[in-house]
Undergrad: 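Below are the structure tokens for one structure; questions will follow.
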2 protein chains.
Amino acid sequence: MTKINSPRETDEKGEGFLKSIAIDAVIFGFHNNQLKVLLIEYKRTGLFALPGGFIKDDEDVNSAATRVVNDRTGLDDIFLEQFYVFGDYSRYNPAQFKIIISAGGAAPPDDHWLLKRFISIGYYALVDFTRAKPTPAAIFDSCDWYDLGSMPTLIQDHSLIVDKALNTLRANLDHKVIGFNLLPGEFTMGDLQKLYETILGKKLLRPAFQRKMLALGILERVAKKWTGGAHKAPYLYKFINETIGFSSKQ
Amino acid sequence: MTKINSPRETDEKGEGFLKSIAIDAVIFGFHNNQLKVLLIEYKRTGLFALPGGFIKDDEDVNSAATRVVNDRTGLDDIFLEQFYVFGDYSRYNPAQFKIIISAGGAAPPDDHWLLKRFISIGYYALVDFTRAKPTPAAIFDSCDWYDLGSMPTLIQDHSLIVDKALNTLRANLDHKVIGFNLLPGEFTMGDLQKLYETILGKKLLRPAFQRKMLALGILERVAKKWTGGAHKAPYLYKFINETIGFSSKQ
DNA sequence: TCAAAAGTGTTTCCCTTACACCCATGA
DNA sequence: TCATGGGTGTAAGGGAAACACTTTTGA
């Protein structure tokens with residue numbers, strides 16, 4: 001579908017990209033009982049933002065989102081879903097972009113395409129923290145995980161986008177099968193419960209949780225786990241589902 | 001928020017509008033136990049489509065959607081919600097738009113802004129059929145209600161958009177309070193049940209339905225209804241909720 | 001042998017389902 | 001008085017909540 005011709009975002013005209021449309025990705029990971037979000041920092045600005053990108057003239061929007069997440073994490077098989085379009089006029093803030101572009105070289109002309117108003121399509125992605133390799137682009141100082149509770153201030157309305165992504169994740173956790181995307185291939189029931197508790201922000205009852213998860217019929221018990229703890233070793237489970245990757249589950 | 005300056009879609013350059021972004025609205029109504037969708041027909045083309053529009057340079061995207069629905073129905077207080085962005089490259093079909101524009105006057109130049117690739121933000125609206133006044137624009141032959149089961153062929157991927165809107169409506173009917181927006185201010189429990197049955201495409205048990213709806217605590221019994229039928233007259237109910245209008249319910 | 005975590009069994013409770021019964025009304 | 005649709009009562013069934021008990025392991 002997508003011809004590869006590699007236009008460059010830094011062109012003043014934005015040749016090769018759809019104008020006025022951006023993609024912002026809230027990439028969630030889970031580690032040490034903490035829900036994390038991948039953020040980038042623009043060089044020499046102290047400005048933090050969600051990983052984002054633009055849509056090539058001949059590229060599907062969903063493919064562009066996949067490409068953005070792949071560029072930042074190196075992962076291919078990711079759960080990714082649109083959740084909202086952020087399109088208020090009030091989010092238009094060219095001053096911030098002028099700083100970002102200027103930090104990368106010369107000050108941009110006033111009619112630089114990135115200084116125009118943009119609408120952003122919000123995606124959220126659930127990735128395996130242990131396999132993701134945060135990868136900055138040339139214009140970033142960093143690309144790293146941040147705990148949801150201790151994120152730096154973000155540009156534009158990106159904090160709002162994270163909030164809305166988290167709300168969507170919470171709402172979907174109940175009636176879609178998505179939590180597993182945040183865990184490694186094999187995990188214990190305790191890991192899974194910690195994940196659910198962290199996302200939902202509340203404690204769950206262990207017996208009820210175990211039964212509910214097993215009743216879904218999508219978990220396969222693999223083997224015994226050895227632990228360093230002074231207690232019974234838990235089973236390992238893996239998620240059995242062929243339809244991994246870009247999800248069209250409704 | 002929105003300065004009024006009235007740009008015109010027919011300008012070749014699309015001056016005053018965001019480029020590459022359109023809005024398509026699936027406006028649902030309910031009448032005679034049928035779920036209906038509002039469709040427009042372009043003049044002298046035989047082409048049917050969803051009501052749609054574009055976003056003014058200084059207009060919120062959600063405001064633009066409200067404006068589109070208001071233009072076609074005359075209604076102000078409408079339930080309206082984004083549900084998906086349709087952004088595949090394959091939906092790009094300039095030939096159809098060339099026909100539409102040509103039918104309105106002279107053939108457009110090849111660089112007419114409407115012949116470029118567009119991404120469409122899908123909204124669905126739930127309106128009171130009895131209060132909506134379908135209103136065509138100058139370039140339409142008609143603007144009318146169609147039964148979901150007997151719609152004409154639609155341009156582009158508009159049939160897909162309707163399908164996805166219906167699926168979203170079905171999924172939300174269970175866990176959001178939205179069905180009432182399709183009924184007049186006062187209605188019987190039978191009306192409401194018929195509506196649910198039509199949307200979900202299956203029969204529901206009357207006693208269970210009545211109890212579930214009343215348990216929501218959002219219905220107020222108003223008065224006795226007189227009927228022409230040879231049976232007990234049903235109560236009338238009305239929906240008690242202050243937060244009518246553009247919904248931010250999550 | 002003990003503490004801690006994991007796995008499973010059991011009872012209770014509540015909501016939904018299914019069905020029954022009564023009510024009101026016009027033909 | 002009878003058929004039809006509306007409203008409510010009630011018993012049965014299924015799943016979640018709450019709690020108890022057993023199992024396994026390293027200290």
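A, B, ... follow the sequence lines: proteins, then strands. Residue 1 opens every chain.
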Undergrad: Examine the base of D:dG5 for any acceptor or donor lying under 3.5 Å from a partner atom in the side chain of B:R206, and report the outcome as yes or no.
TA: no
Undergrad: Rounded to whole angstroms, how far apart are CD on B:Q210 and P on C:dC15?
TA: 18 Å
Undergrad: Counting heavy atoms from C-beta on, name the nucleotide in C:dT8, C:dA24, C:dG9 closest to the side chain of B:H231.
TA: C:dA24
Undergrad: For B:P207 and B:K212, find the nucleotide of DNA chain C closest to each by heavy atoms; which residue's nucleotide sits nearer the 5' end?
TA: B:K212
Undergrad: May I have the distance from B:L204 (atom CG) to D:dG5 (atom P), rounded to whole angstrom?
TA: 17 Å
Undergrad: Rounded to the nearest angstrom, tell me the gap between atom CG in A:L214 and atom C1' in C:dG9.
TA: 15 Å
Undergrad: Tell me: CE of A:M189 to C1' of C:dG7, nearest whole Å?
TA: 10 Å
Undergrad: Any idea how A:H175 and B:H175 line up, ring-wise: parallel (<30°), tilted (30 to 60°), or perpendicular (>60°)?
TA: tilted
Undergrad: Once you round it to whole Å, what is the distance between P of C:dG7 and CG of A:L192?
TA: 12 Å
Undergrad: Let's test your reading of the model: under 3.5 Å, does the base of D:dG7 pair with the side chain of B:R211 as donor and acceptor?
TA: no
Undergrad: Could you give the CG-to-C1' distance, from B:L236 to D:dG5, as a whole number of Å?
TA: 15 Å
Undergrad: What integer distance in Å separates A:M213:CE from C:dG7:P?
TA: 14 Å
Undergrad: Whether the side chain of A:Q193 engages the backbone of A:F209 through a donor-acceptor N/O pair (distance < 3.5 Å, no angle test) should be reported.
TA: no
Undergrad: Rounded to the nearest angstrom, tell me the gap between atom CD in A:Q193 and atom C1' in C:dA5.
TA: 12 Å
Undergrad: Name the residue closer to the 5' end of DNA chain D, choosing between B:T188 and A:A233 according to the nucleotide with the nearest heavy atom.
TA: B:T188
Undergrad: Just by distance, with hydrogens left out, do A:N167 and A:Y84 show a side-chain donor and acceptor under 3.5 Å apart?
TA: no
Undergrad: What are the two closest non-hydrogen atoms of B:L219 and B:M189, and how far apart are they?
TA: CD1-CE, 4.1 Å
Undergrad: With ring-ring contact (aromatic ring centres under 6.0 Å, His included) as the test, pick out the partner of A:F180 among A:Y237, A:F79, A:F239.
TA: A:F239
Undergrad: Picking from D:dT23, C:dT25, C:dG9, which would you name as closest to the side chain of A:K232?
TA: D:dT23
Undergrad: Quick check for you: among C:dA18, D:dT25, C:dA6, whose closest atom lies nearest to any side-chain atom of B:L205?
TA: C:dA18
Undergrad: Counting side-chain heavy atoms from C-beta on, which of D:dC19, D:dA17, D:dT8 comes nearest to A:A208?
TA: D:dA17
